[in-house]
Amino acid sequence: MAKSGGNKSFVLRVDAATMEALERWADDEFRSINGQLQWIIADALRRSGRLKRSVAAAADAAAGVDADKDMPSAVDGTAAKE
């Protein structure tokens, strides 16, 4: 189902331990779970070269992320600055 602004919704099923970890991580970053997942996905796509930087920046903005701020990596947990 498409929403206005080009966003699409989908159902994601995760186990309880993963959800609890996501909730803690989102809380640490002062984000919603949805915003945290948007950031994780955009970061992974940007790092793999599958998403242009301008599109990733738009995704970051939609998630309420300051792209110039050091952020923990979605993969290894270390701080990353691009």
Side-chain angles (χ1 to χ4, degrees):
M1 168 184 256
K3 292 183 179 181
S4 63
N7 293 329
K8 294 186 177 185
S9 298
F10 69 98
V11 175
L12 175 66
R13 291 178 183 90
V14 296
D15 62 87
T18 299
M19 188 64 180
E20 290 172 8
L22 281 169
E23 288 172 342
R24 286 191 306 271
W25 191 6
D27 286 345
D28 290 346
E29 299 293 327
F30 302 105
R31 289 194 199 110
S32 66
I33 296 291
N34 188 64
Q36 188 69 20
L37 288 169
Q38 287 178 323
W39 178 82
I40 291 167
I41 293 166
D43 184 55
L45 290 169
R46 182 175 39 246
R47 288 172 183 257
S48 71
R50 298 175 188 271
L51 187 67
K52 292 181 181 177
R53 187 147 182 87
S54 61
V55 176
D60 286 346
V65 173
D66 180 358
D68 294 327
K69 180 182 172 192
D70 281 346
M71 303 297 293
S73 168
V75 175
D76 63 6
T78 60
K81 179 131 180 142
E82 295 187 32

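Rounding to the nearest 0.5 Å places CG of Leu12 at 8.5 Å from CE of Met19. Taken from CG in Leu37 to CZ in Arg31, the straight-line distance is 10.5 Å, to the nearest 0.5 Å. Residue Asp15 holds its CG atom at 9.0 Å from CD of Glu20, rounded to the nearest 0.5 Å. For the atom pair CG (Asn34) and CG (Leu22), the distance works out to 11.5 Å, reported to the nearest 0.5 Å.
Between Ala26 and Ser32, the closest heavy-atom pair is CB-O, 3.7 Å.
Under 4.0 Å is where a charged nitrogen must lie from a carboxylate oxygen, and between Asp28 and Arg24 no such pair does.
Cluster membership for Val11 and Val14, using ILVMFWY side-chain heavy atoms within less than 4.5 angstrom, is not shared.
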